[in-house]
Amino acid sequence: MSATDTGGRVSRFGSAVAEGWTRERFGLIGALVLVLVAFAPPFQVYLFTDFLVVALFALGFNLLYGYTGLLSFGHGLFYAGGAYGIAIVLRDLGPVIADVVGAGISPLVTFLVGGVVGLVLVVAVAVPVGWLSVRLEEIYFALITLAFGMLGYSLIIQDPAGLTNGTDGVIVLLGTVDLGGVSLRVGGRRIYYAISAVTVVAATYGVWRVVNSPFGTVCKAIRESPDRAVALGIDVGHHRWMTFIVSAAVVGVAGVLRAGLASVASPGLTHWSTSAIAVIATVIGGATYFYGPIVGAFIFLYIRWAISRFPALEAYWELFFGALLIAVVLFFKQGAVGGLMLIRDRLVGDDADEPSDDDARTTDGDGS
Amino acid sequence: MTTVLKTEDLRKRFGELTAVDDVSIEIDDDKITSIIGPNGAGKTTFYNLLTGVLQPTSGSIWLRSEGGGELADVTDAEPHEVAQAGLSRSYQITNIFEGLTVRENVRVARISHEGTRLDFRSRATADESVEADIEELLDLTGLTDIADTPCDTLSHGEKRTVEIALALAIEPNVFLLDEPTAGMNPTEVTEIVSLIRELDADLDATFVVTEHNMDVVTDISDRIVVLAEGAILADGSPEDVLTDERVTEAYLGSDSV
Amino acid sequence: MSLSSLVPLIGISDVVIGLSLGSRLFLIAVGLSLIFGVLGVLNFAHGGFYMLGAYVTLAVVSNVVDNFWVAAVVGALAVGVVGAAIEFSAIRRLYERADSDLDQLIVTFGFVLVIHETVRFVWGSGSYSIDPPDVFNFSVTFGGSTFNAYRLALIGLAVAVLVGLWLFITRTYFGSLVRGTSSDREMAAMLGVDVPRLYTGVFFLGSVLAGLGGALSAPLQSTSPALGDQVIIDAFIVVVIGGLGSMSGAFVGAMLIGMMQSLGPQFISAGSIAIPFLAMVIVLLIRPEGLFGGIGE
Amino acid sequence: MVTGNGEAGNKYNRNDDVKAGSESRAPVGRRRFLQAAGAGTAVALAGCSGGGGGDDGPVTLGAAYILSGFASLYGEEAERGIEFAQSEINDNGGIDGREVEVLTRDTEASGDTAIQQIRSLVQEDNVDGLFGLDSSGVAQAVAPQISQLQIPFMITHAATPFVTSPQGEHEDSVGNEYVFRDSNSLAQDIYGAARVAEELDATEWATIGPDYAFGYETWDYFQAYCDGLGVDAEFTAEQFPALATSDYTPFISSILDADPDAVLTPLWGADLTTFVGQAEDAGWFDQIDHTLFSVGMGTDLPSDGSPLPEGEYASTRYDPFVPDTETNNSFREAYYEEYGTLPTYNAEGAYRALHLYKEAIESAGGTDPSALVDEFTGMEHSGPVGEYQFSETNQATVASIWGTVTYDDEWGSNVLDPVDRYDAGPDVLSEALGDSDLPTGI
């Protein structure tokens with residue numbers, strides 16, 4: 001890529017930002033927010049990291065639900081898979097890795113190795129589980145994924161292989177990187193936030209690419225009408241299986257980050273009530289929108305936090321989300337993102353060309 | 001004249017009911033063939049057998065593959081394999097991707113045809129030749145003006161046209177149209193009939209139509225096959241078939257119920 | 001290692017306990033199965049209904065009338081009213097949707113949260129238990145093992161509910177409407193059945209069964225807000241194994257799982273809680289309509 | 001009738017139709033609400049972490065207990081102890097003239113939740129010190145976080161020895177300089193159980209415990225002590241049902257089939273109440289000679305129907321009658337006057353934690369975390385539980401207390417009578433553990 005090409009891109013980006021509420025301007029604001037959050041008080045950094053992780057969890061879940069119409073009540077299995085993968089590597093291989101690469105850098109290397117192991121583990125589980133599950137549809141798919149999730153939960157609790165430490169889970173200690181006198185605690189709020197933010201942004205971009213690829217376009221078609229897709233020569237079962245695996249992998253990445261954030265990989269991650277968090281966030285945010293799960297996760301985490309500021313109410317936060325879930329499904333299935341779009345259309349007028357929508361058509365501009 | 005689709009002694013039983021009863025038929029590429037029959041004659045079951053949605057109890061189905069190869073046995077093929085082999089269909093009750101725009105609908109079909117279904121790295125819109133094909137198809141079916149409209153906001157007639165565009169986009173050898181004029185007003189019927197005539201003239205695909213509207217049937221068909229109680233009752237040119245007494249009887253008999 | 005001495009023979013008490021656990025599971029599952037069979041709704045909140053039935057019964061016994069049976073009936077009817085209200089105000093809006101199955105599941109999941117938190121608000125997060133009704137509150141010793149006579153009574157009650165429900169469905173006019181509507185809704189509507197009212201009625205009946213299950217099981221378990229979440233999963237296992245929509249299937253499935261829960265702690269030390277889920281997966285894959293009987297009663 | 005008050009009497013007169021495992025009460029609800037709302041404003045203004053308010057403002061402490069679910073009564077008891085100590089301190093000049101405030105948070109029975117709550121207390125509410133914790137599993141997950149947050153944590157209940165066993169001593173050890181415990185640990189408590197076992201005419205032993213760290217560790221330590229002390233014991237059956245199991249019958253039946261002479265059970269909270277009722281139905285107390293309840297007296301709240309059957313053995317971390325000192329007697333009397341019940345060990349542990357902070361802050365002249373840690377390290381202290389010192393591993397050298405459950409009409413409550421105190425210092429435990437690789441945690 002030549003220098004002028006880069007310069008052209010930059011100036012094009014600049015004019016796009018100046019032009020109006022374009023994708024570029026939203027992107028720039030988002031990047032600024034991500035940087036600014038790093039300087040917030042520690043608890044706010046923590047809360048925002050939590051939001052990013054839950055957002056990625058829901059985003060992965062919605063790849064299956066929003067894009068192929070399969071509602072999984074068992075994605076906690078992959079969330080836990082990522083978390084346990086890294087937790088077990090940290091516990092059992094940490095010392096070995098330290099011997100090989102030296103103690104100074106080993107926490108970072110172990111974290112990376114653990115992340116990769118977690119991801120591989122998740123995919124290894126998702127391949128057979130997905131292959132079996134996508135044979136079923138609708139309620140039956142929800143039930144079989146729930147059963148797989150709870151099967152995982154039972155096995156983690158009962159720990160026949162002696163790996164998961166039963167009900168108590170595996171403690172995650174990320175350690176401190178020590179390089180030439182500079183020491184950085186990997187689990188430190190701001191450092192871990194940086195790791196999470198980079199990972200989540202990269203994963204989100206990856207999912208966005210998938211959604212807008214030929215593969216993702218076919219996914220959307222399957223959601224709209226599976227038998228029509230079949231009649232066009234699409235092997236819907238196979239496609240759903242592939243989507244299942246990609247979806248699980250994304251959730252697995254979120255699980256890896258969850259382990260470091262929570263400092264423990266606990267069996268509760270694979271319980272159906274954890275899987276339900278992805279459902280809640282996605283439905284509230286709007287399942288038909290790419291950004292729906294992210295906005296939903298934001299609402300979920302921050303409203304929960306706001307409620308927790310009032311201990312008299314704290315115990316009853318689930319009531320709020322239960323009621324919200326019912327209201328959204330009954331009266332406004334577009335969810336929060338749909339609501340935001342409505343508001344934007346009112347404010348900007350209908351002539352704005354849907355810049356923040358998720359669909360493939362929004363990318364027409366950069367083809368040339 | 002070439003045979004593009006052939007069934008041999010095709011039979012489908014549901015318990016005690018024989019829905020399709022030893023149907024043997026050869027479809028030729030130089031004619032528009034209409035398959036008609038009273039309600040319950042087995043047309044839908046017959047279509048579902050041809051497209052692989054149902055498995056026949058006995059008999060076989062042969063389809064000429066793309067590019068004029070040999071007839072291949074597709075009796076046991078999965079529905080998507082039948083479609084890939086060159087048999088496309090439209091549905092009696094409109095079945096399109098409602099949440100997508102017209103162009104996206106067609107793009108899905110083109111992606112399927114191009115075999116890039118599992119490509120998750122590149123952009124769906126990145127392949128310029130695919131995009132050009134889409135434009136051409138939209139132009140052919142007269143959908144260019146509404147290409148970026150989400151389908152759930154289209155009129156019934158427009159949706160029926162999208163349905164045809166979708167089925168055509170996979171470049172079928174054989175195109176099964178299941179009641180293309182169902183639910184249309186007279187203006188829309190005229191438009192769709194002329195579209196089918198145009199397409200038949202412009203494309204290599206062989207059209208097979210089921211239809212209730214007898215005016216449409218006589219208008220577009222070169223050959224009519226009448227099904228009754230799962231079996232072929234009559235087969236021939238429109239003039240011959242429509243004057244056949246057994247056909248009149250079958251229809252009147254069913255209508256009088 | 002002393003494991004060898006851990007393996008006893010199956011005693012009478014194991015069977016009685018297994019059947020009583022199964023009876024409890026049947027009472028939870030049968031209403032779930034009925035509602036699914038007729039309405040096609042998988043009611044995630046059914047466990048919450050069961051828990052609510054137990055709480056209302058406890059509250060009535062301690063505050064209103066000191067009679068377990070009266071309280072159980074009040075509890076069951078109260079839950080029925082709650083269920084009917086939920087069907088009428090929320091679930092009804094979803095029948096005509098394209099993806100109604102999943103929307104129903106999500107909405108009823110919303111009610112799981114609402115019921116759980118409401119119960120916590122009213123009764124706190126602790127757990128309660130209740131003595132069996134006096135008639136059955138005595139110990140029975142049988143082949144060297146002792147159990148409360150109410151365990152036997154519960155088995156009888158479950159059988160009575162099964163028989164009563166069967167008679168109701170097969171011998172009454174309402175039952176014939178239910179059967180007709182479950183096999184072909186459009187046809188039933190054309191024949192003049194008021195389908196919406198029938199649906200509300202069936203949802204009421206299913207909810208009553210859930211509430212009754214909670215009420216009758218209360219003397220044999222502790223009642224806490226977590227109960228609903230625990231039993232709904234058991235109920236899913238039972239109805240899947242027995243066949244969604246099948247009542248006799250729910251009975252057989254419940255007894256199987258009950259025996260498994262009774263014998264599990266003795267024979268399988270690790271992995272015992274995984275087995276029901278494994279069974280659920282296998283049944284869904286091989287025979288999604290369930291092991292016993294098809295859709296119907 | 002729900003038995004929700006003191007007149008209910010011994011559960012074994014079970015005339016009541018309903019017995020309550022616990023019932024939600026919120027004696028300090030309103031106050032907590034106001035404090036938290038105030039703290040929220042303070043954070044918004046202060047904006048960053050560290051130290052807490054100035055030296056003139058109140059001393060803020062964070063408490064983390066189980067306030068909901070199967071063991072919520074432990075949190076509620078701790079709240080009473082906190083409230084009691086708080087008004088005692090604030091009515092007598094506070095801590096160096098400063099008021100003491102306590103923010104109480106619910107950990108549930110989840111390590112994940114507990115860590116989040118503790119982070120919020122430290123980083124959002126800027127508390128000066130932390131105390132609490134009921135669950136051993138939670139404590140094991142929390143301890144490593146405490147050393148990262150670099151703030152003292154006084155555990156008042158969670159009993160796992162591994163949080164006061166320095167990291168590296170055993171593969172499960174997570175002890176560090178910031179984590180202390182003012183009540184006795186499982187290693188101390190179960191030493192007493194083995195001493196009781198020594199005296200009993202029972203050779204076949206079984207256990208039924210909760211399916212997490214605490215249940216397993218209790219059984220491991222018991223077996224190790226029996227070996228170490230040369231107790232003639234065989235270990236014949238073990239069952240570990242999940243927390244919050246609603247029906248223990250299959251597990252009970254399985255233990256009964258094995259027919260042991262005695263059973264040690266660390267079930268606790270509402271689980272214990274449920275278990276005891278169902279065990280009684282199954283004829284447990286007729287068939288099994290001795291049952292040892294290692295957490296029994298914490299659950300055995302007179303107000304909630306006193307679940308423990310008379311004549312069985314139970315331990316406690318604090319006994320309201322022993323030692324017979326002025327401090328203990330006046331604490332018991334004042335507490336009884338205030339709440340109408342005897343103080344449970346969880347109330348006493350929390351009560352003492354506040355006094356420990358008072359002493360440390362006054363002695364250090366401020367709330368600097370590392371100064372507080374220095375003060376606590378090796379501190380000698382006395383309270384209702386007696387005189388004790390913090391060991392090298394930050395564990396209080398309190399005694400193991402076991403006795404026979406006896407209903408006492410005067411107090412309307414179960415008490416331990418007769419009761420024995422077993423000295424459980426480092427040397428005693430390490431000798432009793434013999435060849436075992438389990439740490440003493442002291």
Side-chain angles (χ1 to χ4, degrees), chain A residues 63 66-69 205-243 245-247 249-250 286-289 333-334 338 353-354 357-368, chain B residues 47-48 51-53 78-91 94-101 103-128 130-131 147-148 150-152 163 166-172 176 178:
Chain A
L63 207 50
Y67 287 91
T68 62
Y205 177 71
V207 174
W208 188 79
R209 284 295 298 261
V210 168
V211 163
N212 288 298
S213 70
F215 179 86
T217 306
V218 171
C219 282
K220 279 181 271 190
I222 292 174
R223 171 191 69 197
E224 298 292 328
S225 173
D227 49 344
R228 202 358 149 184
V230 168
L232 294 177
I234 293 162
D235 184 348
V236 168
H238 190 261
H239 211 88
R240 281 178 162 162
W241 181 32
M242 291 299 129
T243 314
I245 295 167
V246 176
S247 161
V250 174
T288 51
Y289 298 96
K333 263 200 94 180
Q334 299 92 320
D353 196 17
E354 309 274 318
D357 203 347
D358 56 311
D359 295 329
R361 64 179 172 277
T362 54
T363 63
D364 285 354
D366 16 1
S368 49
Chain B
Y47 263 35
N48 284 338
T51 52
V53 174
E78 294 284 319
H80 68 272
E81 291 167 342
V82 175
Q84 286 171 8
L87 182 81
S88 190
R89 72 175 297 185
S90 73
Y91 288 81
T94 311
N95 190 348
I96 58 176
F97 308 120
E98 296 265 345
L100 309 185
T101 65
R103 180 180 279 118
E104 285 168 335
N105 263 272
V106 176
R107 186 179 291 127
V108 169
R110 287 307 295 179
I111 287 169
S112 175
H113 183 66
E114 297 284 328
T116 55
R117 293 176 290 265
L118 294 178
D119 174 0
F120 57 85
R121 281 185 300 258
S122 54
R123 299 253 164 107
T125 52
D127 189 330
E128 286 171 31
V130 169
E131 293 302 297
D148 290 316
C151 287
D152 47 13
E163 173 102 53
L166 267 183
L168 281 180
I170 62 169
E171 296 181 21
L176 306 181
D178 197 353

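Here is the naming used below: chain letters follow the sequence lines, and residue numbers restart at 1 for every chain. Worth saying up front: this structure is predicted, and the values here are computed from it rather than measured.
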Side chain, backbone, both or neither: which part of Glu81(B) has an atom under 4.5 Å from a heavy atom of chain A? neither
Ile96(B) versus chain A, heavy atoms under 4.5 Å apart: side chain, backbone, both or neither? backbone
Can you tell me how far [atom2] of [Y] sits from [atom1] of [X], rounded to the nearest 0.5 angstrom?
X	Y	atom1	atom2	value
Lys220(A)	Phe97(B)	NZ	CZ	12.5 Å
Gln84(B)	Ile234(A)	CD	CD1	9.0 Å
Arg223(A)	Glu98(B)	CZ	CD	12.0 Å
Asp152(B)	Glu224(A)	CG	CD	8.0 Å
Thr217(A)	Arg110(B)	OG1	CZ	14.5 Å

Which heavy atom in [X] sits nearest to a heavy atom in [Y], and how many Å separate them?
X	Y	answer
Ala221(A)	Val108(B)	CB-CG1, 3.5 Å
Gly233(A)	Ser112(B)	C-OG, 3.6 Å
Arg228(A)	Ser90(B)	NH2-CA, 3.8 Å
Ala109(B)	Leu232(A)	CB-CD1, 3.9 Å

Considering residues at least two apart in sequence or located in another chain, which fulfil the side-chain contact (heavy atoms from CB on, under 4.5 Å) criterion with Val230(A)? Val236(A), Pro79(B), His80(B)
